[in-house]
Amino acid sequence: MSSPFKITTSQPGNGSIHLGLLPPSTPRLKTSSYQYPLKLVSPSPSHLPDEAQTLVHTVYLLTYGGGLVAGDAIDLHVMLDATTRLVLLTQGSTKLFRSPGRDVVSKQSMNVSLAPGSALCYLPDPVQPFEQSCFEQQQSYTLLPSDSNGPTGNLCVLDWVCNGRPANGENWSFLRYGSRNEIYVAQPSGKRRLLLRDNMLMDDGGVTNSIKSRMDSQGVIGTLILHGALLTKLGHFFMDEFKLLPRIGGRKWDSGSESGDEDVDEATQRRAVRQREETATGVLWSAAAVRDCVVVKFAGPSVEAGRSWLRVMLMEEGSVARLFGERALLCLR
Amino acid sequence: MAQSTTALHALLLLSDSALPLGSFAFSSGLESFLAHRKTKTGTHRASGPPNGAVQDIEYFHAFLEQSLENLASTALPYVTTAARSGGDAAVKQVLLDLDNDFDASTPCTVARRASISQGKALLAIWERALSSSTAPTDQARSLSAAVSDCALLVKSTKPGTASLSSYNGHLPPLFGAVAAAMGLPIEQTGYLFLLNHAKAILSAAVRASVLGPYQSQSVLASESLQAHIKILIDRYGTVKAEDAAVSVPTMDVWMGRHELLYSRIFNS
């Protein structure tokens, strides 16, 4: 039996994961290496209950102390061979600790390359920047070209950040927080073309607590990005649900009507429950289908509100659990 | 002497509120922002307009500041990068790449629609009117030729056949290119771009009955607006286009949810 703790490489904070494909179709974790302060743990892969018994690998991205101390730098490279499926998870929010000054920036970088037909599901816990932390991260996904215009890689990735430790009086009290998500399409010529960029950078500009006023009393803000044929159905679901949201400022002429409630189907009833829940918890969201991707932006007054909304949406539609197994939703529980 | 007259003329043309870009149709999220405010503070507004109006003005000032900040961080780098380009044969490719990257960086449907519609309008004005005012420098001539090529590209893309590789015609890179082709110095281009945005929002606010026309003019003339724009240019004017980033994430939420408004007077 192999050790779940993987061999380490020499560069601090570096790590790499290569999910290879043994002929004819058995995915296998070929390399998974890491160095302090990063730690990768991979439990045994699980079979999906589908016909093909698809094998899904899972890797936990851990950091010592559950976060990044000022000046820490993490650089993770992930490679997915054709048709493999990988779930990346975290174990609790990534805490960003106080920095001695704005010139000491903690950094996290993840570069993923996806061969045709492979799929990555990355639904982590939120990033939690403490007071006076200084942090930048970038996630870059490169879709490798397929031979004959076949399916490209598939992505279901989430990036979200919360206001810190509200119980300690923190409310977007960091010095600087930046997060960049990019999807590139590699072309046969070797060049990369930018498909999607979601780049956010908030800097207090030297004025203490200046970020709070921009956040309009939201406690969490996030972006979910979906791309690829496997996730088309989930994308459609978000777009359809967005279109069906109640109009803002409209009168609810139909509320309280006595007829009609009985003969609506279950999905409609569940939608009504969800929408009431959104109004009650104050979660605001929007979805946009652009450039072969669906981008969902959401904001909520607390981490729990955002987490619960996203979990309900993903479970209602079911694609994530079907494609990656129930474990993929672990961080949203 | 001739040089400075050209620049002044270009500045006056591009800052004219009668320039038919169609900016009046967009509120850049203001309408949605105010609608969300109303649902949050409850329905007491209907009974007392004076109190509501005072609140609206407070919200409006916060919105104007944040909208400018977000525009400066997301779009200004594209304006200045385009305005700095030119002088060589690759300028057209630079404009096409900036357009692709801006399109990729604007996942909000409402914001994309606003940017493309104004960009195309600018191209139409360029072809019909402004291209004759190209400044007599090599950089301006090469940019002028590239913008004309972009105008042809936009016309050759049939509606409905747009693919990932087609040219969209987003406003920020085009605005920078047009201003530089007309000989406007780069600092003025950035200032003009942000001031035009402030004007568009203020005009939307007047039509949304948040401000009166005199109030709107006094905001526009105020020292604080000038100072704010200057700070933004210092902060974002030299950022590279690939490092352009959203600095007010809630702005995307307002913009994106504009489509959910029960009644709308603006396109964004």
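Chain A is the first sequence line, chain B the second, and so forth, proteins listed ahead of strands; every chain is numbered from 1.
Minimum interatomic distance between Q66(B) and R214(A) (heavy atoms only, all atoms of both residues): NE2-CA, 3.5 Å. When every heavy atom of N100(B) is checked against every heavy atom of R193(A), the shortest pair comes out as OD1-NH2, 2.9 Å. Taking every heavy atom of both residues into account, A288(A) and P107(B) meet most closely at CB-O, 3.0 Å. Across A241(B) and R197(A), no two heavy atoms sit closer than the pair O-NH1, 4.1 Å. Residues R247(A) and L261(B) approach most closely at CD-O, 4.2 Å, considering heavy atoms. Here the closest non-hydrogen pair linking S247(B) and M202(A) is O-CG, 3.6 Å.
No side-chain heavy atom of D203(A) sits under 4.5 Å from any side-chain heavy atom of R235(B).
Taking non-hydrogen atoms and a 4.5 Å limit, the residue list of residues 220-242 of chain A in contact with chain B, ordered by number, reads I221(A), F242(A).
In this structure, F33(B) CZ and D216(A) CG are separated by 6.0 Å, a value rounded to the nearest 0.5 Å. Annotation: the span from S286(A) atom OG to D252(B) atom CG amounts to 7.5 Å, rounded to 0.5 Å. Here OG of S105(B) is found 7.5 Å from CG of N199(A). Values are rounded to the nearest 0.5 Å. With rounding to the nearest 0.5 Å, the separation of CG in L196(A) from CG in D101(B) is 11.0 Å. We find the CG-NE2 distance between L284(A) and H36(B) to be 5.0 Å, quoted to the nearest 0.5 Å. One distance of note links CZ of R291(A) with CZ of R112(B); it measures 7.0 Å at 0.5 Å rounding.
When the candidates V290(A), V295(A), V294(A), D198(A) are compared by the number of heavy-atom contacts under 4.5 Å with chain B, V290(A) comes out ahead.
Looking at D243(B), both its backbone and its side chain come within 4.5 Å of chain A, counting heavy atoms on both sides. With a threshold of 4.5 angstrom between heavy atoms, A244(B) approaches chain A through N, CA, C or O but not through any side-chain atom. With a 4.5 angstrom heavy-atom cutoff, E65(B) does not touch chain A via any of its atoms.
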Residues L245(A), E259(B); criterion side-chain contact (heavy atoms from CB on, under 4.5 Å); working and verdict: CA-CA 10 Å; L245(A) 281 180; E259(B) 307 206 341; over 6 Å; no

